[in-house]
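Note on naming: letters A, B, ... go to the chains in the order of the sequence lines (proteins, then strands), and numbering restarts at 1 for each one. Fair warning: this is a prediction, and the values are worked out from it, not measured in the lab.
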Amino acid sequence: MFPSLKLSLSILILFLWGSPASVSASEASLPAGSIINDSVPDDDLTDEELDLLDLLDEEDDSENYRIADPVKYWNIAIYHFNDKLYFWGLKPLTKGYIAVTSKSIRSGVKNFFSNITTPIRLVSCILQLKIKNAGTETARFAINSTVGILGFGDPAKKYYGLKPKDEDLGQTFGFYGIGNGFYIVWPFFGPSSMRDSVGMIGDMFLDPIFYVKPREASIGITSYKTVNETSFKIGDYEILKAAAIDPYEALKDAYIQNRKKKINE
Amino acid sequence: MTLNKIIRVSLLLLLVAFVAMAYGRQPLETLKPPINNILMILKDPQYNDACKKNLQRDKIFEIVRGLFDFPTITKLALGKYRKSFTPEQLKDLTNVFTDLLGKTYINKMLSEFKDEEVLYIAEDMLTKKKAIVKTKVIREKGEMAVNYRMHLHDGVWSVYDVKAEGVSLVKNYRTQFSQILFKEKPEILIQKLQEKLKEQEAKTYVPQP
């Protein structure tokens, strides 16, 4: 008795609540009978809806969110390579890793790697003259390396409310108005742009792991870092792929939009 | 009057009051109850049973349908290509697009969300009829900034775009749609979405009790 009451109630609520949506749906279908409508689709949009369209369009033009893709065939090939790499290699590996480690260990490792890559963020903050953020990064490094025991803990955030500033050289270039250039997908590293690729190379030189000898050890550590990071992101790529009709385009657009947001921050 | 009747009547009264209230609401106030409601349904232990997952999903979908203005979302995602769609096609597209978005994202929530919290950060009124509500989703994996773009339509605020970490849902689909519509006819897009939806349903089929 009660479940059915609940159900009927929720349907009623929905009916009342959802009415504006359904009204415009029926509005859209109404002129189906009229002959003129085929060629004049603007008519079935209210002024308000056109306003919305204008709003989104304006934004697109001014911020130029589309990116050129002259090496599309290469990009698509590498996209498929990375896709297989993820589903056949990285994901099973990360699942095994999650099975044998606790969340606190993984968080600790994440903090540790975040701490030693402070130079990337610090240099980027300084170059963008974000002095306050540079101060935050310095304070975070000092606190977390000591009280946080080599960076495994994050007391700076926990007790002082100092959050890490997500900055890198690609964002720094963007901050100074350098455009994306064209879109490029790298094996292992994934989506990038010309600008961000140059930034990535710079970031590499600011990453202490790059200076670990021998080379194999450096690559090993980076791979481990990747697996650890992935343990916090498992499922994110899957949902993007599941909801997209064109996963390649969806990922490209998501990358560009996300970078734009980070640059504006 | 039996207890049941009393409950029914009082619920009905509550509902009337609720609907009356809804019409004077601001964007943030409109967004909060349904989202909190979804979080509550996600946490509700009565749905832990595998055979109740479908019911849980349907309930969340109902709330989402009430909050999101899917016809506008679809039109915005089509952009200038909406002109090549007949009203009939537009309706078909809206239906299949709504189902696809709802099914994939709700399934994701069902499989992943446990102790998520939503913080309401700000409500920016762009005009009298447009607003952005900024929220933060606190997940086990980390924080995620989620902004809702809302508009006032027939006296009710509804969502016409969601931005997660700067990625706008409408824009993301617009790039995908335009890639297809650049060379294909509207019915091909509808067909592609239908195929995708079938794929999703096949993957996430949960047997009814």
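Looking only at distances, no side-chain donor or acceptor of A:Lys260 sits under 3.5 Å from a matching main-chain atom of B:Gly166. No side-chain donor-acceptor contact under 3.5 Å links B:Gln179 to the backbone of A:Glu249. Remark: the backbone N or O of A:Ala250 is paired with a side-chain donor or acceptor of B:Asn172 at under 3.5 angstrom.
Residue contact with chain B, scored on non-hydrogen atoms closer than 4.5 Å, involves the side chain of A:Lys163 exclusively. Heavy atoms of B:Leu101 lying under 4.5 Å from chain A are absent altogether. Both the backbone and the side chain of B:Lys192 come within contact range of chain A, each with at least one heavy atom under 4.5 Å from a heavy atom of that chain. If you measure heavy-atom distances from B:Thr98 to chain A, you find no contacts under 4.5 Å at all. Heavy atoms closer than 4.5 Å to chain A are found in the side chain of B:Tyr173, but not in its backbone. For a residue to count as touching a neighbouring chain, one of its non-hydrogen atoms must lie under 4.5 Å from one of that chain's; by this rule B:Gln89 does not touch chain A.
For B:Asp99, the side-chain contact (heavy atoms from CB on, under 4.5 Å) partners are B:Phe61, B:Arg65, B:Leu197, not counting sequence neighbours. With sequence neighbours excluded, the residues that form a side chain to side chain donor-acceptor pair (under 3.5 Å) with A:Glu167 are A:Gln128, A:Lys130.
Taking CG from B:Leu193 and CD1 from A:Ile245, the interatomic distance works out to 4.5 Å, rounded to the nearest 0.5 Å. Between the OG1 atom in B:Thr175 and the CD1 atom in A:Ile67 there is a gap of 12.0 Å [rounded to 0.5 Å]. Note that CG of A:Asp253 is 9.0 Å distant from OG of B:Ser178, once rounded to the nearest 0.5 Å.
Comparing A:Ile234, A:Asn258, A:Ile239 by heavy-atom pairs within less than 4.5 Å of chain B, the highest count is held by A:Ile239.
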Please tabulate, for side-chain N and O atoms in residues 102-113 of chain A, each donor-acceptor pair with protein atoms closer than 3.5 Å (sequence neighbours left out).
| from | atom 1 | to | atom 2 | distance (Å) |
| --- | --- | --- | --- | --- |
| A:Ser102 | OG | A:Ser104 | OG | 3.1 |
| A:Ser102 | OG | A:Ile105 | N | 3.4 |
| A:Arg106 | NH1 | A:Ile98 | O | 3.4 |
| A:Arg106 | NH1 | A:Thr101 | O | 3.0 |
| A:Arg106 | NH1 | A:Thr101 | OG1 | 3.2 |
| A:Ser107 | OG | A:Lys103 | O | 3.0 |
| A:Asn111 | ND2 | A:Ser107 | O | 3.4 |
| A:Asn111 | ND2 | A:Phe152 | O | 3.2 |

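Within 6.0 Å of the NZ atom in A:Lys91, the count of heavy atoms belonging to other residues, nucleotides or ligands exceeds 12. Shown here is A:Phe87, whose CZ atom has more than 12 heavy atoms of other residues, nucleotides or ligands within 6.0 Å.
Pairing each heavy atom of A:Ala242 with each of B:Lys196, the nearest pair is O-CE, 3.0 Å.
Looking at A:Asp236 and B:Lys108, a side-chain N of the basic residue comes within less than 4.0 Å of a carboxylate O on the acidic one, giving a salt bridge.
B:Glu165 pairs in a side chain to side chain donor-acceptor pair (under 3.5 Å) with only one of the listed residues (A:Gln257, A:Lys262, A:Lys261), which is A:Lys261.
Near-neighbour residues of residues 182-189 of chain B relative to chain A, defined by a heavy atom under 4.5 Å from a heavy atom of that chain, comprise B:Leu189.
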